[in-house]
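Hydrogens, waters and symmetry mates play no part in the numbers below; they use all other heavy atoms, side chains included. Numbers here simply count residues along the sequence, with the first being 1.
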Amino acid sequence: MASSKLMKAIYVALLLLYIDAAISLSLVSSMVAFLHGRGGQAFEVRRDVNAGGTGVVLVGFGGLLALWLEHRSRAKYGKTSPVYYLWALVTILSWLLTLTALIYTYVLTNMHSDQGIDLAYAAGNSPEPYPRDSWTPENWHTQVNSLPLVHSDDHDILKKKLRCIRGWRYNLIPFMILGFVLMVLVILELLSFRRSRGRKTEQPHESAHLVA
């Protein structure tokens, strides 16, 4: 009974994680398209004033396949399929990957948050890329947006894309939480099924002893 309830909870958690992963992928796609397009080009400055597919494919689609095979294995053989064990391992590795990405992204963003663009130096170095410091896409475009750009449309473009970049970074938090919940549910369900299976195998032995 407990295993059945946990299995239903796994489906709910998997659905929520899949939706969140799809949102994350759409934000990343928008960010990458911008960086390879307008974001990678030069912005004219007024010179008189001085920077998750694993979740969808392996955890999402892989989870649906693993759960389907698990239902068949339990109904036909009364045991857990090897694919389900493999998927349980994938949920652990996926969560660790998300946690690492979350920590790395926030630490890296904070490390570069106090950087600024030297407008006079940038103007003298034009049209070469700005050579000072290393930047994340979010930090760089935040600083560019703070400059007195010639075209007001550039500010609107940057603000819109910065919302996507920050949205992706903020979305790592619920993505990590949902991944953790799914991982815990899968582990608990496996342990619950193993305990219930162990009790069922003990019952025939106890009955045999009583008959003897």
Side-chain angles (χ1 to χ4, degrees), residues 1-33 52-109 164-212:
M1 186 66 177
S3 180
S4 177
K5 290 181 179 179
L6 286 170
M7 189 63 78
K8 291 178 181 178
I10 287 173
Y11 276 108
V12 174
L14 184 61
L15 175 62
L16 293 175
L17 185 66
Y18 183 84
I19 294 172
D20 195 60
I23 294 173
S24 181
L25 281 177
S26 66
L27 291 172
V28 168
S29 299
S30 176
M31 179 176 66
V32 171
T54 302
V56 172
V57 177
L58 294 179
V59 179
F61 293 137
L64 291 175
L65 176 62
L67 289 168
W68 178 70
L69 291 174
E70 182 64 7
H71 282 300
R72 289 193 60 187
S73 179
R74 292 185 183 184
K76 192 171 182 179
Y77 305 108
K79 63 179 183 179
T80 297
S81 70
V83 176
Y84 193 65
Y85 279 118
L86 179 62
W87 181 63
L89 177 61
V90 168
T91 62
I92 297 172
L93 296 177
S94 176
W95 178 74
L96 289 174
L97 179 63
T98 304
L99 180 63
T100 303
L102 174 67
I103 295 172
Y104 176 79
T105 300
Y106 276 83
V107 169
L108 192 65
T109 301
C164 289
I165 295 173
R166 289 167 181 154
W168 169 79
R169 180 162 60 87
Y170 297 149
N171 189 61
L172 285 172
I173 297 174
F175 192 63
M176 184 272 295
I177 294 172
L178 287 170
F180 178 76
V181 170
L182 178 64
M183 175 188 69
V184 171
L185 287 172
V186 171
I187 293 173
L188 289 177
E189 197 281 328
L190 270 172
L191 293 175
S192 176
F193 179 74
R194 285 174 64 88
R195 283 195 297 267
S196 63
R197 188 183 173 208
R199 286 193 295 268
K200 288 180 181 178
T201 55
E202 289 175 2
Q203 287 176 357
H205 293 291
E206 292 176 358
S207 300
H209 286 303
L210 289 174
V211 171

Might you point out which heavy atoms bring Thr91 and Met183 nearest each other, and give the distance in Å?
-> OG1-CA, 4.0 Å
How would you list, by chain and number, every residue that makes a side chain to side chain contact (heavy atoms under 4.5 Å, CB included) with Leu96, sequence neighbours excluded?
-> Ile92
What heavy-atom pair brings Val181 and Ala13 nearest, and what distance separates the two atoms?
-> CG1-CB, 4.5 Å
Nearest atoms (heavy-atom pairs only) where Trp87 meets Val186 = CZ3-CG2, 3.5 Å
Could you give me the CA-CA distance, side-chain angles and deciding distance for Ser73 and Thr80, then say whether side chain to side chain contact (heavy atoms under 4.5 Å, CB included) is met?
-> CA-CA 6 Å; Ser73 179; Thr80 297; 5.9 Å; no
For residues Trp95 and Leu182, determine if any side-chain heavy atom of one lies less than 4.5 Å from a side-chain heavy atom of the other.
-> no
Determine, step by step, whether Ile173 and Tyr106 satisfy the side chain to side chain contact (heavy atoms under 4.5 Å, CB included) criterion, reporting the C-alpha distance in whole Å, the side-chain angles of both residues, the deciding distance to 0.1 Å, and the verdict.
-> CA-CA 11 Å; Ile173 297 174; Tyr106 276 83; 3.6 Å; yes
Heavy atoms of other groups near Tyr85 OH, more than 12 under 6.0 Å = yes
Atom OG1 of Thr105 and atom CD1 of Ile165: how far apart are they, to the nearest 0.5 Å?
-> 12.0 Å
Measure from NZ or CZ of Arg72 to the centre of the six-membered ring of Tyr77 and say whether it is under 6.0 Å with the direction within 45° of the ring axis.
-> no
Heavy atoms, side chains only, cut-off 4.5 Å: are Leu67 and Met7 in contact?
-> yes
d(Leu6 CG, Leu190 CG) to nearest 0.5 Å is 10.0 Å
Rounded distance (nearest 0.5 Å) linking atom CZ of Arg74 with atom CG of Leu69 | 12.0 Å
Look at Arg195 together with Glu189 and state whether they make a salt bridge at an N to O cut-off of under 4.0 Å.
-> no
To the nearest 0.5 Å, how far apart are CE in Met176 and OG1 in Thr100?
-> 11.0 Å
What pair of heavy atoms forms the shortest contact from Gly60 to Leu14, and how long is it?
-> CA-CD1, 4.1 Å
Could you state the interatomic distance from CG (Leu15) to CG (Leu178), rounded to the nearest 0.5 Å?
-> 10.0 Å
Checking Ser196 side chain against Phe193 main chain: does a donor-acceptor pair fall under 3.5 Å?
-> yes
Does the side chain to side chain contact (heavy atoms under 4.5 Å, CB included) test come out yes or no for Glu70 and Val83, once each step is laid out?
-> CA-CA 8 Å; Glu70 182 64 7; Val83 176; over 6 Å; no
Can you tell me how far CZ of Phe175 sits from OG1 of Thr98, rounded to the nearest 0.5 angstrom?
-> 4.5 Å
Closest non-hydrogen atom pair between Leu185 and Ala9, with its separation | CD1-O, 3.7 Å
Is the side chain of Ser24 donor-acceptor paired with the backbone N or O of Asp20 at a distance under 3.5 Å, no angle test?
-> no
Could you label the plane-to-plane angle of the Tyr11 and His71 rings as parallel, tilted or perpendicular, counting under 30° as parallel and over 60° as perpendicular?
-> parallel
